Amino acid sequence: MTAQLTPEVRGLLSSTVLSWLDKPPLGPFIDGSWRTARSDTLIDVIDPGTGLPVTAYAASSAEDVTDAVAAARRAFDDGRWSELDPEVREQTLRHLADLLEKDAEVVAQLEALDTGKPLAEARLDIEEAVAVLRYYAGWATKVEGSVIPAPRRFVATGTREAIGVCAAITPWNYPLPILMYKLAPALAFGNTFVAKPSEQTVLSTAYLAQLCAMAGIPDGVVNVLPGAGATGAALTAIQGIDKIAFTGSTRTGQAVMRAAAGTLTKVSLELGGKSPQLVFADADLDAAIDGVMGGIWTNAGQVCVAGSRLIIDRRVHDEFVAELISRTRRLSLGHGLAPATSLGPLVSAVQRDRVAAFVDQAAAEGANVETTSELPDEEGFFVAPTVVTGARPGQRIEQEEVFGPVLTVLPFDDEGEALRLANGSAYGLASSVWTTNASRVHRVSRALRAGTVWVNTYGVFHPTLPFGGVKASGFGRELGSAAVDHYTELKTTVIDL
Ligand code: NAD
């Protein structure tokens with residue numbers, strides 16, 4: 001198809017990106033090459049900044065899923081990747097990281113066009129993906145086993161082995177970093193891989209597939225299945241996969257877990273959140289305002305760890321909220337590729353309408369809704385950053401994941417109430433506490449029920465820092481050494497002397 005790009009957007013894209021968009025529709029990437037999908041379903045790739053289709057791809061059918069899993073199985077079983085010397089896998093992954101870094105601007109433009117996020121944020125995503133890949137490339141040669149103190153007539157060892165075929169199902173908010181949290185450790189330890197990106201954002205995953213081939217990763221080791229929920233459901237129901245790593249909504253995570261029970265496939269689930277930011281009156285309030293803003297306006301609030309509940313000391317509530325709104329008004333809403341943009345559109349019209357419905361309901365239930373900015377003239381899926389005060393604890397806007405630029409503010413009178421509000425959520429992904437009181441730092445971070453607590457900062461991610469949730473935010477930890485458990489099996493060998 002010919003991309004329906006506005007002249008402004010066309011002028012902001014590199015010639016490589018334009019030629020990539022004008023290719024025939026992408027299909028599945030199986031056994032090292034692009035296939036024609038065995039389905040007639042074409043899915044448009046929409047530019048969220050204009051609402052226009054910019055290319056299309058063919059959704060992978062159940063037969064394509066079978067082929068991709070069979071290709072990954074063959075590639076694992078014949079040892080073309082798992083039985084390479086670890087340093088060869090390390091060098092190959094480093095080569096892939098170099099290729100991705102070399103094409104970083106192309107991939108960042110594709111990502112900004114596909115997700116709607118500001119180009120500056122997309123560039124950080126690609127940097128993060130490269131860093132995660134390099135970090136796990138190093139792990140290929142660092143995982144060691146152990147000698148286990150069994151009775152003396154035996155020698156017993158514990159060794160780490162690849163699991164087999166790993167599948168990843170990923171969401172649309174951080175397509176490449178979230179894929180890399182799974183792909184990089186899986187490949188480092190010798191597994192083979194099948195990726196199912198979100199139907200909303202296939203471009204960067206597809207681009208990476210071709211870089212994998214260029215880096216010398218053998219055919220069949222990395223396979224990609226563009227497609228929607230039906231493709232994901234087929235992937236979770238099929239025999240032949242040893243592990244499914246899922247990131248997405250809690251509801252879909254539950255469906256994945258149910259399906260995986262049928263084949264007894266291991267799962268790890270990175271799910272939704274409703275993360276609290278606790279601000280005490282003794283905090284550096286200036287820094288806290290910037291931290292709270294970064295925590296909720298980044299990627300227009302479409303962040304699993306969005307700090308979407310500000311829980312604030314009543315004594316500083318009014319001045320803090322007023323200053324936060326005033327600084328938020330300085331953000332510039334616009335197309336993700338436009339250089340002046342600091343806040344982009346949401347990924348789709350459906351998501352925009354969903355967020356609007358949350359806000360309308362909160363207003364109808366008596367909360368105060370403050371919209372901070374005018375919407376741009378363009379036809380994109382824009383939502384102005386919105387601050388909701390006066391909501392009741394337990395109200396829908398305070399409990400459910402909105403996944404948009406909406407901050408709900410709740411005042412507290414003492415530390416106990418702050419903690420009750422913070423932990424009064426089905427979710428437990430991330431949290432933060434802003435205070436200069438050292439004892440409070442320890443008390444509150446110990447009491448918060450969340451996979452991550454940030455203190456006087458927000459949203460710090462790094463390849464070495466394990467990340468994941470508790471309660472309805474899922475289980476399992478990605479990143480850091482925690483991924484060794486996810487992508488290897490422990491084998492016990494007992495030798496009778
Ligand atoms: P989603 O659950 O709608 O979709 C996620 C993925 O699952 C997509 O690839 C989708 O096609 C696929 N899918 C849909 N139905 C399926 C099924 N029945 N079986 C298998 N796969 C299926 O989520 P989304 O809207 O793409 O992303 C937003 C959600 O992701 C939010 O809830 C957000 O909090 C969560 N998220 C969590 C993290 C984390 O690390 N915890 C990170 C990013 C996003």
Side-chain angles (χ1 to χ4, degrees), residues 41 43 57 59-60 62 65 114-115 117 125 128 132 167-182 194-202 204-205 224-238 241 244-263 265 267-275 298-308 346-348 350-352 354-355 358 400-404 425-430 450-452 459 461 465-479 482-483 486:
T41 311
I43 300 184
Y57 65 91
S60 307
V65 172
D114 211 359
T115 60
K117 67 177 64 185
D125 285 7
E128 185 187 3
V132 169
I169 301 176
T170 49
W172 41 261
N173 55 343
Y174 288 91
L176 205 62
I178 289 174
L179 173 69
M180 206 56 93
Y181 297 174
K182 304 167 179 15
V194 181
K196 208 297 284 171
S198 164
E199 57 272 37
Q200 319 264 22
T201 53
V202 298
S204 58
T205 305
V224 174
L225 293 167
T231 306
L235 190 58
T236 55
I238 196 170
I241 295 179
I244 300 169
F246 173 80
T247 300
S249 62
T250 299
R251 200 154 58 92
T252 310
Q254 289 168 326
V256 168
M257 198 167 165
R258 275 194 296 273
T263 53
T265 305
V267 285
S268 53
L269 301 175
E270 299 284 349
L271 307 176
K274 189 78 184 174
S275 300
T298 300
N299 205 17
Q302 303 162 108
V303 184
C304 54
V305 297
S308 51
L346 301 194
V347 75
S348 64
V350 169
Q351 188 62 10
R352 176 198 56 198
R354 197 175 156 267
V355 171
F358 266 108
E400 292 188 26
E401 186 181 44
V402 175
F403 225 57
S425 163
Y427 294 107
L429 192 56
T452 297
F461 277 76
L465 297 174
F467 171 72
V470 298
K471 302 197 281 183
S473 296
F475 51 81
R477 294 290 177 272
E478 298 190 316
L479 297 174
H486 269 321

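One-based numbering, in listed order, for ligands and for the atoms of each. Here the structure is a predicted model, which means the values were calculated and not measured.
By heavy-atom distance, the residue among N173, L269, V402 lying nearest atom 43 (C) of ligand 1 is N173. Scanning V350, T250, T236, T170 for the heavy atom closest to atom 6 (C) of ligand 1 points to T170. Looking at A260, S249, G227, P197, it is S249 that brings a heavy atom closest to atom 1 (P) of ligand 1.
Using a 4.5 Å heavy-atom cutoff, the side chains of V267 and F246 are not in contact.
Counting protein heavy atoms only, atom 34 (O) of ligand 1 is closest to E401 OE2, 2.5 Å. In terms of protein heavy atoms, atom 28 (C) of ligand 1 is closest to F403 CE2, 3.5 Å. Shortest contact from atom 25 (O) of ligand 1 to any protein heavy atom: W172 NE1, 2.9 Å. Of all protein heavy atoms, the one lying nearest to atom 4 (O) of ligand 1 is T252 OG1, 4.5 Å.
For the pair A168 and K182, the tightest heavy-atom approach, listed with the atom from each and the gap, is CB-CD, 3.6 Å.
For ligand 1 and E199, the ligand atoms under 4.0 Å from any heavy atom of the residue are 8 (C), 10 (C), 11 (O). Listed by number with element, the atoms of ligand 1 under 4.0 angstrom from any heavy atom of V256 are 20 (C). Of all the atoms in ligand 1, the ones that sit under 4.0 Å from a non-hydrogen atom of I178 are 42 (C), 43 (C).
When non-hydrogen atoms are compared, ligand 1 lies under 4.0 Å from the backbone of A228 (N, CA, C, O) but not from its side chain. Within the 4.0 Å heavy-atom criterion, neither part of L235 lies near ligand 1.
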